[in-house]
Number of protein chains: 2
Amino acid sequence: MADGRKWVTMGDVAARAGVGKITVSRALRTPSKVSPATLRKVQAAVDELGYVLDETAGALSSQRSRVVGALVSTLEEPVFAATIRGLTEGLGAGGLQLMLATTQYDPETEASLISTMLGRRPEALVLTSDRHTPAAHALLERAGIPVLELWGLPNPPVHAAVGFFNREAGAAITRHMIETGRRRVAFLGLNREHDTRAQLRRQGYVDLCGQLAEERIVAVTPRPGVAGPDLGAQGLGVILQRWPDTEAVVCVSDMLASGALCEAWRRGLDVPGQLAISGFGDFDMASPAALALTTVHIDGLAIGRRAAELILAGELPKGLRENLGFTVVRRATS
Amino acid sequence: MADGRKWVTMGDVAARAGVGKITVSRALRTPSKVSPATLRKVQAAVDELGYVLDETAGALSSQRSRVVGALVSTLEEPVFAATIRGLTEGLGAGGLQLMLATTQYDPETEASLISTMLGRRPEALVLTSDRHTPAAHALLERAGIPVLELWGLPNPPVHAAVGFFNREAGAAITRHMIETGRRRVAFLGLNREHDTRAQLRRQGYVDLCGQLAEERIVAVTPRPGVAGPDLGAQGLGVILQRWPDTEAVVCVSDMLASGALCEAWRRGLDVPGQLAISGFGDFDMASPAALALTTVHIDGLAIGRRAAELILAGELPKGLRENLGFTVVRRATS
DNA sequence: CGACTTCATGGTACCGATACCACCGGGTAT
DNA sequence: ATACCCGGTGGTATCGGTACCATGAAGTCG
């Protein structure tokens, strides 16, 4: 505080309530171990003094920080928002707090953040990327805490993973285009060096290229951090210029697909008659009420919840890979 | 760690490097106070052992947590994403880490999170809401740390605020509709009880109703947490049913506006000839490359950066309200 | 009725870092 | 030469809780 006042301590509360500080600790952490009368006294003292338990001290002495670290690639695109909510809610129920940071899809940033996170001695770490620097890898190994990689199923995972197969998903949405009669199918990807998930989805497309007229891949380069709809519009332009007879565009993300879709409209193309477009992620704007975008639905909330469950259960088996799958959702653009 | 291993401590590093632990502390925190030779020895030991400084212990003994708490209303709508990035980057440069949590627009949740946050003894607190429970208010007052409210300019703020006048913004976008010749202007709002910002924007609309044919307000009710485009579509339906001759719809958020816009297209309405639509926030999808939505642009990044600056400067003057303004952006929907 | 258990509570050591002060050696000022 | 300063280093106390063990009172059982 500005004027030299200090935080109230447990000792102050104990004195006020006329009990030992250990009793205050118990009253706040395990109320069942304290008699109702004492509990009332302590509660009163806590309220009067506006005391808030100091977790930094608690963490030190109990060697349990009650914190779980989470490193997500981005918050700007709300891909991971539902997952974060699932994690927060799940962990909160178990008395754990989520500490969040963003890596901007950069392994160096991730490495430095892992180190920062470990400084808070978290009880587990959650990552939404699967490409780590060797240094980061070493830190994770040595930390000896559960590490969960989400939204993908790397083989092998650093420790354990909850997600789905991006390659399968990329193949599935491409197959959907083929099954609905398209043969000249293009893929609109992203030059984001370390986004291995996106690369796997592209690989899924490539896997099916044998059934296509031709391999048609265009990748746009995002400005640091954000891959917005403008890139989708731009990418569609490139595709149509290079292959004017394209019948379908599989986009690596909903954001790109939205941009491409709007651009197609602007050009007066008939979607889906003339050109089909698909996205990935099933974000809000893809809903039938908005763009009605054909896309791959990922249950981000479930991923977050399951991750929280696994962390709370303790004893996370090394090498575990839990596949929560995905769903191809056909809407108005295919 | 699973097999009983413990975290490496500063003592281990000191022993390894053949120095006292205080020297290790200095080598890591203030390298300039240690001789180059010693520094190298310590660095080597740190690397060999994979040591990461324990901030929980550091926080306790130095009484400085190097953490700033941030409570945002939502992550699902990426409104605050840029602000968070600005905060993270700005604070990071000053050696502070952001601890993030979401309130879901609920003051009770906020109150409980404030308490949780204070448990980590943050050096400052950032809030994106300005409606707090009395208990939360008392906690904030007593905490004696800087408290910054963002995205609004409450009068008086709990401590200080960085943002803009939502009421002015609501009035400005309504005025834009009037200036472009519309008189039968409706407002599409949100029944989100504690979202005072949204209510102020609506108030801005009401302020100008004298110049309008009629006050036309419809509010839709979000499912917990998320106000998606489906609500916008639904809301437009209600408006057009009640007042079929409506010429413009001012929406309280981009998300609603997007839904309304898509619904208008589906109904075959000419936008903006027959019906103008505006949003609020200028999110990605509002860009010219995507929906080209007329909206109010808020520089969330600047808000975050400025907040970080103020926190790092220390000595945050009580009652400060910094107005970073907004911009009405006319695009293709008005 | 005595031994044993359970419950509520307190004392003391300790978690892993940093603050504070002390110390040492060598250079500079007087 | 003595006094003083200063960069580099270490010892010890301390931050605010919790673990662990001990204590005393009340209840249980044969």
Side-chain angles (χ1 to χ4, degrees), chain A residues 1 4-43 45-46 49-67 95 116 118-123 143, chain B residues 4-42 45-46 49-67 95 116 118-123 143:
Chain A
M1 10 220 74
R5 285 200 297 127
K6 291 283 182 45
W7 293 92
V8 177
T9 78
M10 194 173 264
D12 301 337
V13 177
R16 178 99 178 197
V19 300
K21 26 178 231 172
I22 189 73
T23 302
V24 176
S25 174
R26 278 191 280 250
L28 297 174
R29 294 279 197 207
T30 49
S32 65
K33 293 190 168 182
V34 172
S35 74
T38 315
L39 194 54
R40 267 193 305 276
K41 279 193 296 183
V42 173
Q43 274 300 354
V46 165
L49 297 173
Y51 175 67
V52 177
L53 208 147
D54 187 333
E55 292 285 351
T56 58
L60 182 57
S61 96
S62 68
Q63 300 290 72
R64 290 208 44 200
S65 63
R66 294 160 204 269
V67 164
T116 308
L118 290 179
R120 306 275 166 197
R121 299 296 185 263
E123 303 191 8
Chain B
R5 284 202 296 127
K6 290 283 182 47
W7 293 93
V8 179
T9 78
M10 194 173 265
D12 301 337
V13 177
R16 179 99 176 198
V19 300
K21 18 179 240 176
I22 190 75
T23 302
V24 176
S25 173
R26 278 192 280 251
L28 297 174
R29 294 279 197 208
T30 50
S32 66
K33 294 191 169 181
V34 172
S35 75
T38 315
L39 194 53
R40 267 193 306 276
K41 280 193 297 185
V42 173
V46 165
L49 298 174
Y51 174 67
V52 178
L53 209 148
D54 186 333
E55 294 284 353
T56 57
L60 182 57
S61 89
S62 69
Q63 302 287 71
R64 291 208 43 200
S65 62
R66 294 160 205 270
V67 164
T116 308
L118 289 179
R120 305 275 166 195
R121 299 296 186 260
E123 303 191 8

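Note on naming: letters A, B, ... go to the chains in the order of the sequence lines (proteins, then strands), and numbering restarts at 1 for each one. Everything numeric in this text was worked out from a predicted model, so none of it was measured.
- Residues Ser65(A) and Arg120(A) approach most closely at CB-O, 3.7 Å, considering heavy atoms.
- Using a 4.0 Å cut-off between a side-chain N of Lys or Arg and a carboxylate O of Asp or Glu, Glu55(A) and Arg121(A) do not qualify as a salt bridge.
- Considering Thr23(A), Val24(A), Ile22(A), Val46(A) as possible partners of Met10(A), the one that fulfils the side chain to side chain contact (heavy atoms under 4.5 Å, CB included) test is Val24(A).
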Margin query: What does the B/S/- profile of nucleotides 7-19 of chain C look like, 5' to 3', with a 4.0 Å heavy-atom cutoff to protein?
Written below: -SBBB---BBBBB
Next item on the list: Would you please test Val42(B) and Val34(B) for side chain to side chain contact (heavy atoms under 4.5 Å, CB included) and show each step?
Entry: CA-CA 10 Å; Val42(B) 173; Val34(B) 172; 5.7 Å; no
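- Smallest separation of non-hydrogen atoms from Trp7(A) and Leu118(B): CH2-CD2, 4.0 Å.
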